[in-house]
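Residue numbers run from 1 in the order of the sequence given. Counting convention: from 1, in listed order, for ligands and their atoms alike.
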Amino acid sequence: MSEEYRKMWQDLGINMKRHDALMGALPAIFEQVYLGQKGRPQAMGFYDFVVSEIHGLRVKELVEHKKQGGKVFGTFCVYVPEEIIVAGGAIAVGLCGGADFSVPTAEQILPRNLCALIKSAVGFKLGGICPYFQVADVIIGETTCDGKKKTWEILDEYVPTYVMDLPNSRTPADQALWIGELKRFIGKVEETTGNRVTPDSLAQATALINGKRAALARLFELRRARPAPISGLDALLAVQISFYDDPARFTQKTNELCDELEARVKAGQGVAPANAKRILYAGTPMPIPFWTIPSLIERTGAIVVAEESCTGSRLFAGGDTAIPNDGLDAQLAAIANRQFQTNCACFTPNDARIEDILRMAREFEADGVIHFSLSFCQPYNLESVRVQRALMDAGIPVLVLEGDYTEEQAGQLRTRIEAFVETL
Ligand code: BJ8
């Protein structure tokens, strides 16, 4: 890494020794998981480049933005509305942790029986390892699962953390409460940035984020083709990068990827034979660099055709956000209305998520569904009981897994995934 980046990291208060250890390990892992794949779309070169610059170029852009007086908001959930952050002239970066590397640091203060996603993210902050965390002016948490809810109280001791109060049901009364939260959030964005969020700025920001969501939806639509034009690993990488890349650039590059995939579909060209077993992933998000599950699945010769996850279809659930032209209240109602179509297991009742999984299994012609939840994630672990039953009732083979980011776990998961794919 260049001297310029090293200086930038030092200025951000990065623990250089630990950061060097992480950055030293990542290229080999990426090469092993990604670069050995056959028939990758050429347009994946962009995403490979972004990974090669993972703590470089984008962080530099964020630092430049701050030098111009801009603010950076760190987020952890698709329910935190990026549109509102962008409308205030700030940048949102998704901070979810997907590396086992930082988990032991978090366990020095957090209980062990928390999901790896929370521990990994908190460990990144505590250990001073993640420049995105360091560059963030404020962290936006939300009251989704209990693990996150209580973690924000602790995280606030290390970095200013603001919490959005997301209801756990989706009745009209809950929707009204959430619209109130969106209004309160506008106040926070205005206070942090010093900029007003106006109907115009929100309309523009909503259009920008709609573009990003539409590009992702298009990518998923193309994955319905047989043979699959892109591996599940590559699609996941694109989705993971959507959380922190510049939204306009990401949209453009992802549409270029989709153009290439469209040509592949027309030519009947795929990354796996047309008769490769098709797997639908369902479950907890897979933040970068957690690639274990698709990697294990695709090494069996099967292909992941879609992910029902917040690193997947839940990112663009509900389609475009409507942009009414009669003021902020109507715009916020449209945002809430779109968001409430994201079926996170933190909600009850949540039958719509089960319907989503059944629908996706049909639409993507999945031969089987693998439901994975991180250990100690109660919402997804518990919901897997009903998901499994619904899939069995529909005659769709299903494997329910639970695990974390460790190598030991990967070994156990491999055995179960291989056995499952063989039965299909
Ligand atoms: S809308 S999925 S991004 S909350 S894995 S931290 S639930 S214990 S991540 Fe999520 Fe928003 Fe829902 Fe999506 Fe808790 Fe489970 Fe950990 Fe989780």
If you measure from each non-hydrogen atom of Gln378 to ligand 1, which part falls under 4.0 Å: side chain, backbone, both or neither? neither
Report the member of Tyr79, Phe376, Tyr380, Phe347 with the shortest heavy-atom distance to atom 2 (S) of ligand 1. Tyr380
Distance-only donor-acceptor check, side chains Ser231 and Gln37, under 3.5 Å: yes
The closest protein heavy-atom partner of atom 12 (Fe) of ligand 1 is Cys344 SG, 2.2 Å
Run the salt-bridge test on Arg353 and Asp356 with the 4.0 Å N-O cut-off and return the result as yes or no. no
Using 2.8 Å as a strict upper limit, say whether an N, O or S atom of Cys145 approaches atom 14 (Fe) of ligand 1 that closely. yes
Considering only non-hydrogen protein atoms, determine which one is nearest to atom 16 (Fe) of ligand 1 and report residue, atom name and distance to 0.1 Å. Cys115 SG, 2.3 Å
Within 45° of the ring axis of Phe347 and under 6.0 Å from its six-membered ring centre, is that where the NZ or CZ of Arg170 lies? yes
Verify whether one side chain among Glu190 and Asn195 offers a donor that lies under 3.5 Å from an acceptor in the other. no
Check Lys66 with Asp137, please: is the shortest side-chain N to carboxylate O separation under 4.0 Å? yes
Any atoms of ligand 1 less than 4.0 Å from a non-hydrogen atom of Ile118? List them with their elements. 6 (S)
Can you figure out which of Pro379, Cys310, Ser120, Pro287 has its heavy atom closest to atom 13 (Fe) of ligand 1? Cys310
Residues Arg213 and Asp320 bridged, charged N to O under 4.0 Å: no
Of all protein heavy atoms, the one nearest atom 11 (Fe) of ligand 1 is Cys77 SG, 2.3 Å
Should you measure from each heavy atom of Thr284, which atoms of ligand 1 turn up under 4.0 Å away? 5 (S)
Ionic contact status for Glu262 with Arg218, cut-off 4.0 Å: yes
Among Ile303, Ile370, Leu233, Thr292, the one residue meeting side chain to side chain contact (heavy atoms under 4.5 Å, CB included) with Ile297: Ile370
Sidechain N-carboxylate O distance under 4.0 Å for Glu383, Arg386: no
Please determine whether any non-hydrogen atom of Pro285 lies less than 4.0 Å from an atom of ligand 1. yes
Closer than 4.0 Å to some heavy atom of Arg314 - which atoms of ligand 1 meet that? 2 (S)
Ignoring hydrogens, just give me the one of Glu142, Lys148, Lys119, Lys149 whose non-hydrogen atom is nearest atom 6 (S) of ligand 1. Lys148
Whether Cys377 has an N, O or S atom under 2.8 Å from atom 16 (Fe) of ligand 1: no
For ligand 1, which atoms have a heavy atom of Thr144 less than 4.0 angstrom away? 4 (S)
